[in-house]
Protein chains: 2
Amino acid sequence: MKRRKTESTNKIYSILKKSKSALSHDMIQEKMSSDVDRATIYRVLNRFCEDKIVHKVTGDDGKQYFAFCINCQEKKHKHNHFHFRCTSCGKVECLESEIKITLPNDYVFQNLNAIISGICSSCT
Amino acid sequence: MKRRKTESTNKIYSILKKSKSALSHDMIQEKMSSDVDRATIYRVLNRFCEDKIVHKVTGDDGKQYFAFCINCQEKKHKHNHFHFRCTSCGKVECLESEIKITLPNDYVFQNLNAIISGICSSCT
DNA sequence: CATTTAATGCGACTTTGTTGCAATAATAAA
DNA sequence: TTTATTATTGCAACAAAGTCGCATTAAATG
Ligand SMILES: [Mn+2]
Ligand SMILES: [Mn+2]
Ligand SMILES: [Zn+2]
Ligand SMILES: [Zn+2]
């Protein structure tokens with residue numbers, strides 16, 4: 001179960017690394033020069049998530065967005081921050097602010113999924 | 001465009017009102033005695049949302065959950081709170097804590113979708 | 001080069017949610 | 001009560017997002 005480097009994984013990796021915003025599957029597919037299968041892209045992205053290279057956010061549109069996180073690179077894999085999805089241009093960004101979570105007693109935390117939708121500054 | 005009361009809308013309304021947790025479409029369908037079409041249920045729920053009777057949260061599982069909110073009943077329609085989805089029993093709850101949101105300059109707020117997944121107290 | 005097995009492509013499939021349209025029925029008007 | 005209006009429903013078809021099995025391809029290792 002050792003990971004192998006392929007043209008597809010390299011490409012997807014660099015697309016995500018370059019991107020300032022989180023990308024959905026279809027955004028990535030558009031940016032790919034060669035035609036890579038949908039299933040492959042999803043598998044690559046999910047592997048990246050397992051390996052904590054990227055993190056995943058589910059938008060209020062129901063889609064999954066993947067991103068290299070602003071904070072994750074340094075510290076361990078945490079993404080306790082809000083995301084912003086522009087309903088005009090579709091861009092999804094990681095916001096800086098860190099969220100503090102307090103759960104009721106006997107609740108076990110697993111994952112935070114926080115996203116604000118609205119209009120971004122470029123679209124105002 | 002005035003709303004009409006039907007057996008289905010009444011039933012769905014009372015199911016949601018009784019429920020202490022947010023319900024997805026299929027959770028509601030299970031609770032219905034009579035067989036109501038999927039499309040109808042969705043249309044009723046979306047109408048309730050328009051009328052600000054219930055609010056909708058998109059889970060990190062990609063599904064939509066609908067709930068009478070703890071706070072919404074009194075004040076105007078706001079649901080700036082976290083939700084908790086138990087990955088064991090599937091229950092989705094509105095949490096009490098109110099979230100304060102600060103966006104970067106020139107960003108326009110439209111909607112907050114915040115959900116924490118984990119294990120609830122009944123499932124620990 | 002030969003071997004091992006992770007990664008891919010393809011197709012089929014599931015799940016979630018929406019939409020067009022004709023039929024039904026709740027409400028208002030007569 | 002009867003009639004007219006039109007919101008609501010059921011059905012079927014559809015779309016979008018994501019997953020999975022399986023045969024094939026091709027990295028990695030020696
Ligand atoms: Mn992020
Ligand atoms: Mn809520
Ligand atoms: Zn924008
Ligand atoms: Zn639970």
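Throughout, protein chains are lettered first and strands after them, A, B, ... in sequence-line order, and every chain is numbered starting at 1.
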Between [N] ([atom2]) and [X] ([atom1]): distance, integer Å:
X: A:R47; N: D:dA27; atom1: CZ; atom2: P; value: 13 Å
X: A:D35; N: C:dT8; atom1: CG; atom2: C1'; value: 13 Å
X: B:M32; N: D:dG10; atom1: CE; atom2: C1'; value: 13 Å
X: B:K11; N: D:dT8; atom1: NZ; atom2: C1'; value: 18 Å
X: B:L23; N: C:dT16; atom1: CG; atom2: C1'; value: 16 Å
X: B:M27; N: C:dT16; atom1: CE; atom2: P; value: 10 Å
X: B:Q29; N: D:dT9; atom1: CD; atom2: P; value: 13 Å
X: A:R3; N: D:dT29; atom1: CZ; atom2: P; value: 14 Å

Given DNA chain C, 5'-ward residue of the pair B:D37 and A:V36, judged by closest heavy atom
A:V36

Taking for each residue the nucleotide of DNA chain C bearing the nearest heavy atom, is the 5' side occupied by A:E7 or by B:E7?
A:E7

Indicate whether the side chain of A:S121 and that of A:T124 have a donor and an acceptor atom separated by less than 3.5 Å.
no

Could you give all pairs that pass the salt bridge (charged side-chain N to carboxylate O under 4.0 Å, His left out) test and reach residues 32-49 of chain A, with sequence neighbours left out?
none

Please check if the side chain of [X] supplies one atom and the backbone of [Y] the other of a donor-acceptor pair under 3.5 Å.
X: B:N111; Y: A:S117; result: no
X: A:E93; Y: A:A22; result: no
X: A:H55; Y: A:A67; result: yes

Return no unless some side-chain N or O of [X] is found under 4.0 Å from OP1 or OP2 of [N].
X: A:T6; N: C:dA6; result: no
X: B:K2; N: C:dA28; result: yes
X: A:T9; N: C:dA7; result: no
X: A:Q64; N: D:dA17; result: no
X: B:R4; N: D:dT6; result: no
X: B:K5; N: C:dA26; result: no

Does anything in residues 39-46 of chain B come within less than 4.0 Å of DNA chain D? Heavy atoms only, and list the residues if so.
B:A39, B:T40, B:R43, B:V44

Considering every strand and a 4.0 Å limit on heavy-atom distances, what is the contact class for A:S24: base, sugar-phosphate, or nothing?
nothing

Base, sugar-phosphate or nothing for B:R38? Non-hydrogen atoms, less than 4.0 Å.
base

How sharply is the helix from C:dC1-D:dG30 to C:dA30-D:dT1 bent, taking the axes over five pairs at either end and rounding to 10 degrees?
40°

Minimum heavy-atom distance B:S97-B:H81, with the two atoms named
O-CB, 3.3 Å

Would you name the heavy atoms of B:L45 and B:V54 that are closest together and state the gap between them?
O-CG2, 4.2 Å

Rounded distance [0.5 Å steps], CD1 in B:I115 versus CD1 in A:I115:
12.5 Å

Starting at CZ of B:F66, measure out to CG of B:L16 and round the result to the nearest 0.5 Å.
8.5 Å

Between A:H83 and A:Y65, does the ring centre distance come in under 6.0 Å?
no

